[in-house]
Amino acid sequence: MTEPPDPLRLCVYATVAALTWVCGPAAVVFFAGLALAGYLRARRQGLRRSACLLRDVRLVLAYLSVLALAGLIGVVRAVGPW
């Protein structure tokens, strides 16, 4: 008898969603920055195709940069007086 598959990814997704809900745009900046650093390191080591839906690592890097920028704008708007 085989073990049923562990739905670990669903737990990770729920945790990331909860952190984002609690921390707001700062969590977006954190996770986007973390992913951006990981993809930059992988690209330097030769990764050109990703399992990500975007496939091309350059597109993934651009997407993560836009997410980080949007998060930063959200943080500034939440903290700023305007």
Side-chain angles (χ1 to χ4, degrees):
M1 185 170 179
T2 62
E3 281 191 37
D6 185 1
L8 175 64
R9 288 184 180 181
L10 297 177
C11 183
V12 171
Y13 297 154
T15 303
V16 169
L19 287 172
T20 302
W21 178 55
V22 170
C23 298
V28 175
V29 172
F30 174 77
F31 286 112
L34 189 65
L36 193 58
Y39 268 97
L40 280 172
R41 184 171 18 142
R43 174 128 174 110
R44 284 190 202 117
Q45 292 174 350
L47 181 70
R48 297 294 180 255
R49 301 287 292 172
S50 171
C52 175
L53 184 66
L54 297 172
R55 300 285 182 225
D56 190 332
V57 173
R58 295 172 297 181
L59 292 176
V60 176
L61 289 170
Y63 169 70
L64 293 171
S65 298
V66 168
L67 277 184
L69 181 63
L72 280 174
I73 291 170
V75 168
V76 169
R77 290 187 68 172
V79 174
W82 48 90

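Note that the numbering runs from 1 along the sequence shown for the chain.
The shortest non-hydrogen separation linking Ala32 to Ala68 is CB-N, 3.7 Å. In this structure, Gly71 and Pro25 approach most closely via the heavy-atom pair O-CB, 3.5 Å.
Arg43 pairs by the salt bridge (charged side-chain N to carboxylate O under 4.0 Å, His left out) definition with nothing, not counting sequence neighbours. Residues forming a side chain to side chain contact (heavy atoms under 4.5 Å, CB included) with Leu72 (at least two apart in sequence, or on another chain): Val29. In this structure Leu53 satisfies the side chain to side chain contact (heavy atoms under 4.5 Å, CB included) test with no other residue, sequence neighbours excluded. With sequence neighbours excluded, the residues forming a side chain to side chain contact (heavy atoms under 4.5 Å, CB included) with Leu69 are Ile73, listed by chain and number. Residues that satisfy the side chain to side chain contact (heavy atoms under 4.5 Å, CB included) test with Tyr63, not counting sequence neighbours, are Leu54, Leu67.
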Would you check, one step at a time, whether the test side chain to side chain contact (heavy atoms under 4.5 Å, CB included) holds for Cys52 with Tyr39? CA-CA 11 Å; Cys52 175; Tyr39 268 97; 3.9 Å; yes

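For the pairing with Leu40, the side-chain contact (heavy atoms from CB on, under 4.5 Å) check across Leu61, Leu47, Leu64 returns one residue only, Leu61.
Here CZ of Phe31 is found 5.0 Å from CG of Leu19. Values are rounded to the nearest 0.5 Å.
With hydrophobic clusters built from ILVMFWY side chains whose heavy atoms lie under 4.5 angstrom apart, Val12 shares a cluster with Leu34. Under the 4.5 Å side-chain heavy-atom criterion for Ile, Leu, Val, Met, Phe, Trp and Tyr, Phe30 and Val16 are members of the same hydrophobic cluster.
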Show me the side-chain donor-acceptor pairs of residues 3-10 shorter than 3.5 Å, one per line, residues at least two apart or across chains.
none

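Remark: Arg41 CZ is loosely packed, at most 12 non-hydrogen atoms of other residues, nucleotides or ligands lying under 6.0 Å away.
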